[in-house]
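Keep in mind that the numbers below use all heavy atoms, side chains included, and drop hydrogens, waters and symmetry copies. Chain A is the first sequence line, chain B the second, and so forth, proteins listed ahead of strands; every chain is numbered from 1. As the structure is a computational prediction, the values presented were derived from the model and not from experiment.
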2 protein chains.
Amino acid sequence: MVTKQVRRAPEDKDVTRADSLAREIFSGVANKWALLIINVLGEQTLRFTEVRTAVDGISHKMLTQTLRGLERDGLVHRTVYAEVPPRVDYRLTEAGGALRDTVNGMCAWTRRYLDEIEAARRRFDAQHNDAAHPPHTGTKD
Amino acid sequence: MVTKQVRRAPEDKDVTRADSLAREIFSGVANKWALLIINVLGEQTLRFTEVRTAVDGISHKMLTQTLRGLERDGLVHRTVYAEVPPRVDYRLTEAGGALRDTVNGMCAWTRRYLDEIEAARRRFDAQHNDAAHPPHTGTKD
DNA sequence: CGGCATCCCCCAGGATACTG
DNA sequence: CAGTATCCTGGGGGATGCCG
């Protein structure tokens, strides 16, 4: 027993391969709830309800479920206190913190390009709503 | 007509608010297909089929649909050539490229923590599969 | 308070097929 | 080759209720 590293095929680290482990992990994390939770956790340690409040709009179920997934992957650490009104809190692990750095980037990106994107949408929608599918004779009846 | 910037409430740029524009944009982009497409586009210009090949496992429908969304948000630019076997290619816009930088970070993160995560999963699963819910008398029948 | 289970609905998303 | 439309199923995700 040499505590040997798993022999891993390089393709397994390739996100573009549909069946790679990398893709599975990436897919598991690349969803809004996971990323938003990672984001609000940041440096702080939060209780279940606090996370719920911080991530506005998330349902009780999705919060539990997503937190479980993150815990399973070792991205958040869960601490249970044996108190009578139960107290459980969550904080990012080192891996979680590392991911959070990139999530931060996405949030910053969102703010940075928000106006631009909104404008792009308006242009696109204007372009594609009417004026599309000109039947035969244009605007004329 | 002063080409005035839209008067935008600061909350609108706050990803944590469920009804903010920021949240909507973030949510739209925080899904695996969008991120994977952004990722493979990178610096290159690719045709529809090439993207399809590069993003292994994506269905024809999801590719079209996601590309449309990205085009609408102004993250990818779509060029149509009037050739007889139709040729359409896609490349990232500046905004798309900026997002791609963070996506790159996520991919790197995935590779970096892949083994760690896999190990964490095994630990978690071992912990929660059996040994959980000890009926009454333990292993004894 | 936090977790889990259950019910249920709706839509993401796959498969297939037809146009230009 | 690229796009659109249709059909159909799985599961994402909300609401509710019961435990520890």
S.K.: May I have the distance from Leu63(A) (atom CG) to dG14(D) (atom P), rounded to whole angstrom?
M.R.: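 My rounded result for the distance is 11 Å.
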S.K.: Minimum heavy-atom separation for Phe26(A) to Met106(B), with atom names?
M.R.: CE1-CE, 3.9 Å
S.K.: Once you apply a heavy-atom cut-off of 4.0 Å, does Arg68(B) come out as touching a base, just sugar-phosphate, or nothing?
M.R.: sugar-phosphate
S.K.: Send over the distance from Ile58(B) CD1 to dG3(D) P, rounded to a whole Å.
M.R.: 13 Å
S.K.: What is the distance from CD of Gln65(B) to P of dA15(C), rounded to the nearest Å?
M.R.: 14 Å
S.K.: Mind calculating the distance between CG (Leu36(A)) and P (dG13(D)) to the nearest angstrom?
M.R.: 12 Å
S.K.: Under the 3.5 angstrom rule, does the side chain of Asn31(A) hit a backbone N or O of Gly28(A) as a donor-acceptor pair?
M.R.: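 Indeed, once roles are kept as given, a pair shorter than 3.5 Å links the two residues.
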S.K.: Asp89(A) has an atom CG; how far is it from atom C1' of dG3(C), in whole Å?
M.R.: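 The answer, rounded to whole Å, is 15 Å.
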S.K.: Distance check needed: dG13(C) P versus Met62(B) CE, whole Å only.
M.R.: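 These atoms are roughly 4 Å apart.
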S.K.: Could you go step by step and tell me if Tyr90(A) and Glu50(A) meet the side chain to side chain donor-acceptor pair (under 3.5 Å) rule?
M.R.: CA-CA 10 Å; Tyr90(A) 296 90; Glu50(A) 292 172 331; over 6 Å; no
S.K.: Check Glu116(A) against Ala95(B) and note the closest heavy-atom contact, atom names and distance.
M.R.: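 The pair with the smallest heavy-atom distance is OE1-CB, 4.0 Å.
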S.K.: Write down the distance between NZ (Lys61(B)) and P (dC7(D)), rounded to a whole number of angstrom.
M.R.: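 These atoms are roughly 12 Å apart.
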S.K.: For Tyr90(A), report the nucleic acid contact type (base, sugar-phosphate, nothing); a contact means any heavy atom under 4.0 Å.
M.R.: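 Counting heavy atoms under 4.0 Å across all strands, the contact made by Tyr90(A) is with sugar-phosphate only.
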S.K.: Short question: side chain of Thr102(A), backbone of Leu99(A) - any donor-acceptor pair under 3.5 Å?
M.R.: yes
S.K.: Write out all pairs satisfying salt bridge (charged side-chain N to carboxylate O under 4.0 Å, His left out) with one or both partners inside residues 14-27 of chain B, taking only residues at least two apart or from two chains.
M.R.: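 Passing the test, one end in residues 14-27 of chain B: Arg121(A)-Glu24(B).
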S.K.: Between the side-chain atoms of His60(B) and the base atoms of dG3(D), is any donor-acceptor pair under 3.5 Å?
M.R.: yes
S.K.: Nearest whole angstrom, please: distance from the C1' of dT4(D) to the CZ of Arg78(B).
M.R.: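 From Arg78(B) CZ to dT4(D) C1': 12 Å.
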S.K.: For Thr64(B), answer base if it contacts any base atom (sugar-phosphate contacts may also be present), sugar-phosphate if it contacts only those atoms, and nothing otherwise; contact means non-hydrogen atoms under 4.0 Å.
M.R.: base
S.K.: Check DNA chain C against residues 28-35 of chain B and give the residues with a non-hydrogen atom under 4.0 Å, in numerical order.
M.R.: Trp33(B)
S.K.: If every non-hydrogen atom of Arg72(A) is compared with every non-hydrogen atom of Phe124(B), which pair is closest and at what distance?
M.R.: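 So the minimum-distance heavy-atom pair works out to CG-CD2, 3.4 Å.
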